[in-house]
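As the structure is a computational prediction, the values presented were derived from the model and not from experiment. Both counts, for ligands and for their atoms, begin at 1 and track the order of listing. Counting begins at 1 with the first residue of the sequence.
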Amino acid sequence: MKPRILYTKPSITDLEVSYSNDAAINGWGDRCYEYINRFEESFKKHLGVDYAIATSSCTGALHMGMAALGISPGDEVIMADTNWIATAAPIVHLGAKPVFVDILSDSWCLDPQLVEKAITPKTKAIIAVHLYGNLCDMHSLLEISTKYGIPLIEDSAEAIGSVYHGKSAGSMGSFGTFSFHGTKTITTGEGGMLVTNDKELYEKILTLSNHGRSRSQLKQFWPDVIGFKYKISNIQAAIGCAQMDRVDELINRKREVLNYYRQRLEKISGLRMNPEPSGTINGAWMPTVAFLPETGVTREILMAAFLAENIDARVFFWPLSSLPFFGNSGHQVSTLLSNYSINLPSYHDITKTELDRVIEVIKKLTI
Ligand SMILES: *Cc1c(COP(=O)(O)O)cnc(C)c1O
């Protein structure tokens, strides 16, 4: 059996080890927030935003951010059908309803026309997810957001390094969120970040994130509202600081991996990969091949071929509306993509030999 190729794993160097060691030894008492503050500062700088709050996860960041926008029972939030459940769960926890719309077949992200059609008087937010690092059509979505006065949220968990006409993913909407789960481009094990340029919203979320205690509250242990506990630890933030010191290197390596695949696979007819329209940069979190149905190369065929070569097969996201508890069948484009696509292994330290093994599997299926 050939050695297993993982689909993802973090890039951890002596730098991450030394920062987290330091945090474990010294990061207590009056230094207990040092790495957290530094992590937020470096993230703000990288993204070009005014405010950042580090969290225990992207899911938590979304939950607090949507709570701060006042999303509550009876409200609707529009999002793409193709997605990880993490974007939908906080909507449900707030008592609101996720409204799933289909995606575009080229970007694999929200179809702005369908978003506009789905707007009702109950719509309180639109969530743009930059899937696998691919960018949403932010121009159209921001226009719709302004026209209807509905906040646009950017779930950029998969899109650090993605840039839309000079603006970083996550920096364009009411607020943006990021994930540092172990599978993401930069990691803290578990962790997240909420970013915004809106001072008022920032203050609200900061209060929520501190168990409802406002910065201006002088009384100790006095919550002004019911808040949340989605904080990151100083030790995790220390790992995050090291990852941010290396963020350009980490993103560039992801892009290198995507481009290596692209150069060898994209010319195969009936196969598409992550797009990078002019004026944009794809952060390349998850290189993905999507076959056209007429090729007959299904998810099951792809998975079997990968497993036979001891390569991790990671399926394209299922349409959320096909999940029994959302009680429907998936939208058309979302379903087709899920049925004929697969994510390719792309961790930073993947070798040329390993990449070539993956490429061979795909090529063999297309002869
Ligand atoms: C990974 C991911 C999340 C969840 O991130 P956590 O940090 O695990 O909460 C949310 N949205 C998208 C699009 C993701 O890919």
> Any chance NE2 of His139 has more than 12 other-residue heavy atoms, nucleotides or ligands included, within less than 6.0 Å?
Replying inline: no
>> With a heavy-atom distance limit of 4.0 Å, tell me whether Ala157 approaches ligand 1 through its side chain, its backbone, both, or neither.
In response: side chain
>> Looking at Lys44, I'd like to know if its NZ atom is crowded, meaning that more than 12 non-hydrogen atoms belonging to other residues, nucleotides or ligands lie closer than 6.0 Å.
In response: yes
> Would you say the ring centroid of Tyr202 lies under 6.0 angstrom from that of Tyr51?
Replying inline: yes
> At a 4.0 Å cut-off, with the gap strictly under it, does some heavy atom of Lys184 reach an atom of ligand 1?
Replying inline: yes
> Does atom CD of Gln113 have more than 12 heavy-atom neighbours from other groups under 6.0 Å away?
Replying inline: no
> ligand 1 versus Thr177, non-hydrogen atoms closer than 4.0 Å: side chain, backbone, both, neither?
Replying inline: neither
>> List ligand 1 atoms under 4.0 Å from Ala86, heavy atoms only on the residue side.
In response: 3 (C), 4 (C), 10 (C)
> If you measure every N/O of Ser179 against every N/O of ligand 1, is any gap under 3.5 Å?
Replying inline: yes
>> Centre-to-centre under 6.0 Å for Phe39 and Phe180, is that the case here?
In response: yes
> Within less than 4.0 angstrom of ligand 1, does Gly191 place any heavy atom?
Replying inline: yes
> Do side-chain atoms of Thr187 reach the backbone of His181 as a donor and acceptor pair under 3.5 angstrom?
Replying inline: yes
> Hey, is Thr59 touching ligand 1 through its side chain, its backbone, both or neither, going by heavy atoms under 4.0 Å?
Replying inline: both
> Below 3.5 angstrom, do we get any N/O pair linking Asn83 and ligand 1?
Replying inline: no
>> If you measure every N or O of Glu158 against every N or O of ligand 1, does any of those distances drop under 3.5 Å?
In response: yes
> Between Phe228 and His211, does the ring centre distance come in under 6.0 Å?
Replying inline: no
